[in-house]
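Okay, so here's the structure we're looking at.
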Amino acid sequence: MKITSVTVTGIKLPLIRPFIVAYETYYDMPTLLIKIETDAGITGYGEATPDQHVTGETWESTFRMLVHHLAPSVIGENPFHIERIHEKMAELVYGSPSAKAGIDIACYDIMGKVAGQPIYNLIGGRYHEELPVPYVVSILEPEAMAKEAADALAQGYHTIKIKVGTDPIIDVERIRAVRKAIGSSVQLRVDANQGWRNRATSMWVLDQVKDCNIDWIEQPVVADDITALAEVRRQTTIPVMIDEGVHGDREIRETIVKQAADKLNIKLMKCGGIYPATRLVAQAEMAGMQCQVGSMVESAIASAAGAHLCTAKKAIISNELVGPLMFSRDVAVMPFEEKVIKLTERPGLGLEVDEQVVAELAQMSTVIV
């Protein structure tokens, strides 16, 4: 089997409400869909959702990277030869993880379809039967965040994650307001998205909210300062999760050596896809770290890929694959039942991509043969 063509399509998915994090406000989500066709008549779909603040890629640069470099390099390759494909992409281009993830996911979709198996059966088999998702609250005023969190509980969510990181003093108010609104027993996770920047500010905030029963604090310091994260972990009793600080093998090794985190947030767009993500899970598990699979707020395609990874791995204890719930329109239907992802036994990603919706949302598209 050989890859005969790759189609790269840039779309912008409409958000139901703005998504606000420490470093950006999003009114829609730019993403890239990758369709790989083979000489066996099997088609696979992937997705690249770059974030210049995290992966160093823009929507436009990722489109060009795929069209001019990565997609041409995989023409003629067997999609089952995933390690070879990753090696070839790595030799061709340094970094560009979301672009590589788009190729990787489409190859796994093809592998599953050829084998007649869901992707999770190709990477370990089903471990988790279902995947509960949290409700993610964007950065707003404390009272607004508290109300939104309380409303989410009324809608059936059992876990709340809040975004903070714009102002340490107001962040304390945000955390306290949300905890009061949802009660003491509901799981509460806090993500600063690097917004507290350094150890001193992070510790000041965490000291103010140490009685708020936080499940974990995610990436309080800048991504590159794993030493500072290790210092925070040593000085707080709140579990620490690293996110933007780990892209691949080099950073997870440093994190483990420095004992900088209790938990690891894996994103396919940071590490380059499903194949490198399985390596991160294995390393974290050996170090006694639990994992989460996060999202750049992706469509059903990349969200499903993340869900297959979650389903197959014991060490992955949570996920934030909530992108499809945040869009007013998507390119496929994610298998949600209430607030839980339940993957079927359909082969590959298990999705039916609506090509008409893709065409209607398309803002740029190129076929590489």
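Model, not experiment: these values are computed from the prediction. As a basis for the values below, the full set of heavy atoms in this structure was taken, side chains included, without hydrogen atoms, waters or symmetry mates.
- Here Glu218 does not pair with Arg189 in a salt bridge; the nearest charged N to carboxylate O distance is not below 4.0 Å.
- With hydrogens and angles ignored, the 3.5 Å screen pairs a side-chain donor or acceptor of Gln194 with a backbone N or O of Ala223.
- Within a 6.0 Å radius of CD in Gln356, no more than 12 heavy atoms belonging to other residues, nucleotides or ligands are found.
- Surrounding CD1 of Ile16 are more than 12 heavy atoms belonging to other residues, nucleotides or ligands, all under 6.0 Å away.
- Between Asp243 and Lys270 there is a salt bridge, since a side-chain N of the basic residue sits under 4.0 Å from a carboxylate O of the acidic one.
- With hydrogens and angles disregarded, a donor-acceptor distance shorter than 3.5 Å links the side chain of Thr31 to the backbone of Ala48.
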* Run the side chain to side chain contact (heavy atoms under 4.5 Å, CB included) check on Trp204 and Ile169 step by step: do they pass? -> CA-CA 9 Å; Trp204 181 85; Ile169 294 174; 4.0 Å; yes
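- Formation of a donor-acceptor pair under 3.5 Å by the Asp104 side chain with backbone atoms of Tyr275 is found in this model.
- No donor-acceptor distance shorter than 3.5 angstrom exists from the side chain of Gln187 to the backbone of Thr159, with no hydrogens or angles considered.
- The neighbour count for Lys147 NZ, taken as heavy atoms of other residues, nucleotides or ligands under 6.0 Å away, does not exceed 12.
- Side-chain atoms of Thr227 and Lys258 include a donor-acceptor pair closer than 3.5 Å.
- Side-chain atoms of Arg174 come within 3.5 Å of backbone atoms of Leu140 as a donor-acceptor pair (strictly under, hydrogens ignored).
- Residue Asp207 places its CG atom among more than 12 non-hydrogen atoms of other residues, nucleotides or ligands, all under 6.0 Å distant.
- Taking CZ of Arg253 as the start and OG1 of Thr255 as the end, the distance is 10.5 Å to the nearest 0.5 Å.
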* To do: Starting from the C-alpha separation in whole Å, work towards a yes-or-no answer on side chain to side chain contact (heavy atoms under 4.5 Å, CB included) for Ile105 and Ile34.
  => CA-CA 9 Å; Ile105 293 167; Ile34 292 87; over 6 Å; no
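- Separation of atoms CZ (Arg279) and SG (Cys271) is listed at 10.5 Å; rounding is to 0.5 Å.
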* Could you please spell out the steps behind the side chain to side chain donor-acceptor pair (under 3.5 Å) verdict for Thr236 and Lys210? => CA-CA 8 Å; Thr236 183; Lys210 59 187 176 184; over 6 Å; no
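- Within a 6.0 Å sphere centred on CD of Gln235, heavy atoms belonging to other residues, nucleotides or ligands number more than 12.
- At least one side-chain heavy atom of Phe63 sits less than 4.5 Å from a side-chain heavy atom of Thr366.
- Within the 4.5 Å cutoff, side-chain heavy atoms of Asn193 are placed close to those of Lys163.
- Proximity of Met1 to Asp39: side-chain heavy atoms (C-beta onward) are separated by under 4.5 Å at one or more points.
- Contact annotation: the side chain of Ile85 approaches that of Met89 to within less than 4.5 Å [non-hydrogen atoms, C-beta and beyond].
- We find that Lys313 and Glu285 are not joined by a salt bridge, their nearest charged nitrogen and carboxylate oxygen being 4.0 Å or further apart.
- Between Arg176 and Asp211 a salt bridge is recorded (basic side-chain N to carboxylate O distance below 4.0 Å).
- Looking only at atom types and distance, the side chain of Ser299 has a donor-acceptor partner in the side chain of Glu47 under 3.5 Å away.
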* Could you walk me through whether Tyr45 and Val331 pass the side chain to side chain contact (heavy atoms under 4.5 Å, CB included) check? -> CA-CA 11 Å; Tyr45 290 90; Val331 297; over 6 Å; no
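- For the atom pair CD1 of Ile274 and CD1 of Ile119, the computed distance is 4.5 Å after rounding to the nearest 0.5 Å.
- The CG atom of Leu92 sits 12.0 Å away from the CD atom of Glu87 when rounded to the nearest 0.5 Å.
- Atom CD of Glu345 sits in a sparse spot, with 12 or fewer heavy atoms from other residues, nucleotides or ligands closer than 6.0 Å.
- Counting heavy atoms from C-beta outward, Thr344 and Pro118 have side chains that stay 4.5 Å or more apart.
- Judged purely by atom type and a 3.5 angstrom limit, Arg179 uses its side chain to pair as donor or acceptor with the backbone of Asn213.
- Side chains of Met326 and Met29 form no contact here, defined as non-hydrogen atoms less than 4.5 Å apart.
- With hydrogens and angles ignored, the 3.5 Å screen pairs a side-chain donor or acceptor of Asn319 with a backbone N or O of Pro132.
- Rounded to the nearest 0.5 Å, atoms CD1 (Ile217) and CD1 (Ile242) are 13.0 Å apart.
- Sparse packing is recorded around CZ of Arg84, with 12 or fewer heavy atoms of other residues, nucleotides or ligands lying under 6.0 Å away.
- Distance CG/Leu280 to CG/Leu268: 10.0 Å, rounded to 0.5 Å.
- Not a single donor-acceptor pair under 3.5 Å links the side chain of Thr9 to the backbone N or O of Ser365.
- We find that Glu352 and Arg346 are joined by a salt bridge, their nearest charged nitrogen and carboxylate oxygen being less than 4.0 Å apart.
- For Gln52, the CD atom is densely surrounded, since the number of other residues' heavy atoms within 6.0 Å is greater than 12.
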* **Glu37/Ser5 under side chain to side chain donor-acceptor pair (under 3.5 Å): CA gap, chis, key distance, verdict** => CA-CA 5 Å; Glu37 296 181 277; Ser5 72; 3.1 Å; yes
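- Contact annotation: the side chain of Asp262 never approaches that of Trp216 to less than 4.5 Å [non-hydrogen atoms, C-beta and beyond].
- Applying side chain to side chain contact (heavy atoms under 4.5 Å, CB included) to Val221 and the options Asn198, Ile226, Val232 leaves one that passes, Val232.
- By the 4.5 Å heavy-atom criterion applied to side chains, Met296 and Ser98 are not counted as neighbours.
- The backbone N or O of Gly245 lies less than 3.5 Å from a partner atom in the side chain of Gln219, making a donor-acceptor pair.
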* To do: Carefully, step by step, assess Leu13 and Tyr26 under the rule side chain to side chain contact (heavy atoms under 4.5 Å, CB included).
  => CA-CA 11 Å; Leu13 291 162; Tyr26 298 93; over 6 Å; no
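- No donor-acceptor pair closer than 3.5 Å links the side chain of His128 to the backbone N or O of Ile317.
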